[in-house]
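A quick write-up on the structure given underneath.
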Amino acid sequence: MGGTPPCASCKLLRRRCAKDCIFAPFFPSDEPHKFAIVHKVFGASNVSKMLQDLPFQQRADAVSSLVYEANARIRDPVYGCVGAISQLQSQVKQLQMQLAMAHAEILCFQMQNDSSSLVNQQLEVDDDGGENKSFLLNNNMIMTSVPQSMNFSSSSSVFPESLKRESLWI
Amino acid sequence: MSIINGGRRCAACKYLRRRCSEDCILAPYFHPSNPYRFACVHKIFGASNIARMLQHLPVHKRAQAADAMAWEAYWRVQDPVYGSSAIIAHLQHEISKAQNELEITRAQIAILQNFQQTQPNQQLQAFWALEDEPFVQPDLPHI
């Protein structure tokens, strides 16, 4: 009478693995560490309740994200996933700054190009012996619009910048 | 009763309907004025898990850890499938987009600099004619 081996969760919890065990599809017996970390961080009963509240087709994704978060919390017991989010937000900010600088540089090229074309026009029109006309550099420069790519999403601020306790969330 | 809360029970002990002792480990981080915060944390992590995790940390790190766990629990309650992983995925996508755009912009700058150096008297008419079109992100393959 060969039965299927108990899933990793039932093995860890030392109980009989029922046919309709909610953990069995997602915690195979050959990956015991997966359930171990999820159980350590969230607790088996909490995970069971979370999975029960979800339709079956979403449970695999939920388990993957729980494993990911549990791993993050074990690596960083203070900040967990929030540490990673904070780092990514800084990266986004840095890139936004670099992008802004790059766009400013392109704007400079545009302005140089526009000012020199204005100068050329002035020189062509005023052909009366080299009178020193003003170059109209400062007031009449054509300001082209910044490329639309500057508007990339600023929705990266998902929570207050610092985890100060005075935040709204406390 | 916890002295920290002026004699009132903390949100955790109130939720769990138990006496809030003076040395309640959760009291400093779960003020009774914000019961939802503890409710989320209890739903996702469980009160005993939170207490155990905080106990394993030095005291000066516990406030930040409690905040971080509260945020993770909140996001998981909002999105029961992906939780904070959805936020991470979103940020990674934003970074990838920004890096692509930065590469393209820097390539444009390199072209402009080269043009300026090699043909300083020429107008960049052809180049700017392209720039009159709204910037359209090239269709890059998903990785």
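Within every chain, numbering begins at 1; the chains are lettered A, B, ... in the order of the sequence lines, protein sequences first and strands thereafter. Atom set for the values below is all heavy atoms of this structure, side chains included, hydrogens, waters and symmetry mates excluded.
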Side chain / backbone / both / neither for [X] at chain B, heavy atoms under 4.5 Å:
X	result
A:Leu88	both
A:Leu66	both
A:Arg73	side chain
A:Tyr68	side chain

Where [X] and [Y] come nearest, the two heavy atoms and their spacing:
X	Y	value
A:Ala62	B:Pro80	CB-O, 4.2 Å
A:Lys40	B:Arg52	O-NH2, 2.7 Å
A:Ser65	B:Arg76	OG-NH2, 2.9 Å
B:Gly46	A:Asn46	N-ND2, 3.3 Å
B:Thr105	A:Leu99	OG1-CD1, 4.1 Å
A:Val78	B:Lys61	CG1-O, 3.9 Å

With hydrophobic residues grouped by side-chain heavy-atom distances under 4.5 Å, do [X] and [Y] end up in a single group?
X	Y	result
A:Val38	A:Ile74	yes
B:Phe45	A:Val63	yes
A:Phe26	A:Leu54	no
A:Phe27	A:Met50	yes
A:Val82	B:Tyr82	no

Highest number of heavy-atom pairs under 4.5 Å with chain A: which of B:Leu54, B:Leu57, B:Ile50, B:Asp79?
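Ranked by heavy-atom pairs under 4.5 Å with chain A, first place is B:Leu57.
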Check step by step if side chain to side chain contact (heavy atoms under 4.5 Å, CB included) holds for A:Gln91 and B:Glu94.
CA-CA 10 Å; A:Gln91 250 185 296; B:Glu94 290 293 305; over 6 Å; no
Is the closest side-chain heavy-atom distance between [X] and [Y] below 4.5 Å?
X	Y	value
A:Phe109	B:Gln113	yes
B:Lys43	A:Lys49	no
B:Asp67	A:Tyr79	no
B:Ser85	A:Glu69	yes

Looking at [atom1] of [X] and [atom2] of [Y], how far apart are the two atoms once the value is rounded to the nearest 0.5 Å?
X	Y	atom1	atom2	answer
B:Ile95	A:Leu95	CD1	CG	6.5 Å
B:Leu112	A:Gln110	CG	CD	9.0 Å
A:Cys81	B:Trp75	SG	CH2	8.5 Å
A:Gln98	B:Leu102	CD	CG	5.5 Å

Which atoms of B:His56 approach chain A - backbone, side chain, both or neither, heavy atom under 4.5 Å
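When you check distances to chain A, no heavy atom of B:His56 falls under 4.5 Å.
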Checking B:Ile88 against chain A: side chain, backbone, both or neither under 4.5 Å from a heavy atom?
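For B:Ile88, heavy atoms of backbone and side chain both lie under 4.5 Å from chain A.
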List the steps, then state whether side chain to side chain contact (heavy atoms under 4.5 Å, CB included) holds for B:Asn49 with A:Val41.
CA-CA 7 Å; B:Asn49 272 342; A:Val41 173; over 6 Å; no
A:His103 vs B:Glu101, side chain to side chain contact (heavy atoms under 4.5 Å, CB included): CA-CA, chis, key distance, verdict
CA-CA 10 Å; A:His103 283 305; B:Glu101 193 174 331; 3.5 Å; yes
Tell me, with the steps shown, if B:Ser84 and A:Ile85 meet side chain to side chain contact (heavy atoms under 4.5 Å, CB included).
CA-CA 8 Å; B:Ser84 50; A:Ile85 288 172; 4.0 Å; yes
